[in-house]
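Structure record follows, encoded as C-alpha cells.
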Amino acid sequence: MQEIGLSNLQSLERELHKPLPLRRMLFTGIMTGLAFALTALALLPLFAIIWEIMRQGLPKLSWEVLVSLPAPVGVEDAPNGFANAIVGTITMVIIATIFSVPLGIMTGIFLAEFTKVPKTVGLIRFITVILSSVPSIIIGVFAYGVFVITTKKFSAIAGGFALGTIMLPIVALTTEEALKLIPVSYRLGSAALGGGRFQTIMKIVVPAALPGITTGVLLAVARAAGETAPLMFTALFSQFWQEGLMSPTPSLPVLIYNYASSPFPEQNAIAWTASFVLLVLVFITSILSRLIIRNRLK
C-alpha cells in the first residue's frame, strides 16, 4: 500500500511539473500582454498630466517663487510668487483634516462593527454615499450659508469646513471597507482572551486596518487640496498674507484658476508652477504618512 501511495504521489508530482500545452501557454502570454497593455493605457493620462505639469511648471520654479507674494501685473523688478497661497492651502487642509478624519473614522467604525441595527446602519451608509457624490460647488454654497453668511466674513475656517465636508464621506467609506477586510478570527481571538468590543476594535481591528484607513485619508486630502469651487465661496482669495483664521485666505487651487484664465503670460506661467507645487505637496504628504505608518506597524 505504501508503494502504491508513493507511486501515485510521484505521478502527481510529474503532472504538476509537466509543461503546459502550447495552446494554454500561448493564451496565458496573450492575456498577460493584454493586461499590461490595458494597464499602461489606463496610466497614460496620469503620466501625460504629470509630464505636462512638469514641463510647463519647472522652468519658473525657484526659491523666490516659493517665498514671495504675488507681484502686480506689469511689475518686472519685484519678486513674484505664491508663498501666501501655499500657507493658506496647508492651513485649510489641516483644518479640514482635524474636522473630518476623527468623525469619518468613527462613522466608518460604526458602519463596519456595529451592525445590530441594520436599518440605522443602512440609512447612515446611504446618506454617506449620497454626500460623497454631491458636487463640490454645492458643498461650497452650503458652507457659505453656514459660515460666511453667519459670520459676515470669508475665512480659512469656512474654507476648512467646506473641504472637511468633502473629505468626510471619503474617510468614512474607506474606513468601513478597510475594517471589513480584517478577518473575523482577529475579533474572535480577542474575545477569547477576554477583550471587550471596544478593546477589540481599538487595539486589534483598527491597528490592523490602519494602512487602508491611511490610504483613504490620503485620498481625501488629495481631493480636498485640489478643490477650487468651495474655496471661492468660503475663503475667497487674497494677494497678501492671511491675517488670521477669520480673514480671506489665499489658496493654490484658486490662484491656479485665476492665473490660468488670465490674459497675461507671466501669470499663466505662475499657474503651471503652482500646479507643480500643489502636486509635490500632495506627493510629500503621501510619502510621509506611509513612512509613519510603516514605522508604527514595525
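Taking CZ of F27 as the reference point, atom OG1 of T32 lies at 9.5 Å (rounded to 0.5 Å). Atom OG1 of T249 is separated from atom CD1 of I157 by 8.5 Å, given to the nearest 0.5 angstrom. For the atom pair CG (N80) and CG (L69), the distance works out to 9.5 Å, reported to the nearest 0.5 Å. Put simply, OG1 on T97 and CE on M92 are 12.0 Å apart, with the number rounded to the nearest 0.5 Å.
Heavy atoms of other residues, nucleotides or ligands lying less than 6.0 angstrom from CD1 of I137 number 12 at most.
Using modelled atom types, no side-chain atom of E52 and backbone atom of I49 make a donor-acceptor pair closer than 3.5 Å. With hydrogens and angles disregarded, a donor-acceptor distance shorter than 3.5 Å links the side chain of T273 to the backbone of G57.
Using modelled atom types and a 3.5 Å distance limit, the side chains of S247 and Q242 yield no donor-acceptor pair.
Nearest approach of A158 to F147, heavy atoms of both residues: CB-CB, 3.6 Å. Closest approach of L255 and A85 over heavy atoms only: CD1-CB, 4.1 Å. Scanning all heavy atoms of the two residues, the minimum distance from A274 to L252 falls at CB-CD2, 4.0 Å. For V206 against I109, the heavy-atom pair with the smallest separation is CG2-CD1, 3.9 Å. The shortest heavy-atom contact between P230 and S136 is CG-O, 3.4 Å. Nearest heavy atom pair, residue A225 against residue V282, reads CB-CG2, 4.1 Å.
The aromatic rings of F142 and F161 sit tilted relative to each other, their planes meeting at an angle between 30° and 60°.
The side-chain contact (heavy atoms from CB on, under 4.5 Å) test with N84 singles out one residue from S68, P250, S251, and that residue is P250.
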* Please walk me through it: do R187 and E113 pass salt bridge (Lys or Arg N to Asp or Glu O under 4.0 Å)? -> CA-CA 10 Å; R187 299 168 176 83; E113 301 295 330; 2.7 Å; yes
